[in-house]
Amino acid sequence: MSRRLISGLVGIAALAAGVTTSAGAAGATGTADDAATTKAAITASCVKSNAYITDPWQSTYRLIYCDNVSGVFLFHPSGKNEVVGRLYSTRSWFGCKKYMGAVKGWGYYTWGDVALGGGPQNGWGLMPSGAMRSGNPHIVPTCANG
């Protein structure tokens, strides 16, 4: 199943279930500026979904959606400075996070929209924390393997 299809299905399921955020009603009676601020707060938050994905190495992750920069490169989870994929979506899911070192900070594990390098990673890699746009990425759990 493709990454985009999974994202779309989870979004449809969330709408069908009536999933909302506490900020959802805040702008309903306020000014246009309040509504814009509320919308920005909603899109800036990471949100846990009830969907799971299993990577090619049989590790299963609960999908957590966060905002990110479009076009960001994903790096090999082993700590190599090898690019394994690219993420073009700006609201993406992440399974876990792993510390990538002082330069890149935390890396958020996901499946890229495009696989690069032709290796076995097939686009699965870590997005550097500098590309994260959500204000609460701490809700993404630490990867089991460090």
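Source: prediction; values computed, not measured. All residue numbers in this chain count up from 1 along the given sequence.
- Looking at W124 and P56, their side chains come closer than 4.5 Å, going by heavy atoms from C-beta outward.
- Heavy-atom minimum distance, V84 versus G125: CG2-CA, 3.9 Å.
- Shown here are the ring-ring contact (aromatic ring centres under 6.0 Å, His included) partners of F73, two or more places apart in sequence or in another chain: there are none.
- Linking Ile, Leu, Val, Met, Phe, Trp and Tyr residues whenever their side-chain heavy atoms come within less than 4.5 Å leaves V69 and V114 in two separate clusters.
- Take A115 and apply the side chain to side chain contact (heavy atoms under 4.5 Å, CB included) test, not counting sequence neighbours, and it matches N122.
- Counting only heavy atoms from C-beta outward, the side chains of P137 and W106 never approach each other to under 4.5 Å.
- You'll find the side chain of M100 stays beyond 4.5 Å of the side chain of S129, heavy atoms only.
- The OG atom of S45 sits 8.0 Å away from atom CD1 of I139, with the distance rounded to the nearest 0.5 Å.
- Of the possible donor and acceptor atoms, none in the side chain of R86 sits under 3.5 Å from a partner among the backbone N and O of G112.
- By the 4.5 Å heavy-atom criterion applied to side chains, S134 and R91 are counted as neighbours.
- We find the NZ-CD1 distance between K97 and I64 to be 9.0 Å, quoted to the nearest 0.5 Å.
- Of all heavy-atom pairs between G130 and R133, the closest is O-NH1, 3.2 Å.
- In this structure the side chain of D55 reaches within 4.5 angstrom of the side chain of Y109, judged on heavy atoms.
- Note that CD of Q121 is 9.0 Å distant from CG of L126, once rounded to the nearest 0.5 Å.
- Both F75 and W57 are members of a single hydrophobic cluster when ILVMFWY side chains are connected at heavy-atom separations under 4.5 Å.
- Contact check for R62 versus W93: no side-chain heavy atoms found under the 4.5 Å cut-off.
- The side chain to side chain contact (heavy atoms under 4.5 Å, CB included) check on T90 picks up S70, with sequence neighbours excluded.
- Between C66 and V140, the shortest heavy-atom contact is SG-CG2, 4.2 Å.
- Put simply, Y99 and F94 are part of the same group of oily side chains (I, L, V, M, F, W, Y) that touch within less than 4.5 Å, one to the next.
- We find the CD1-OG1 distance between I53 and T60 to be 9.5 Å, quoted to the nearest 0.5 Å.
- Within the 3.5 Å criterion, the main-chain N or O of A131 finds no donor-acceptor partner in the side chain of N68.
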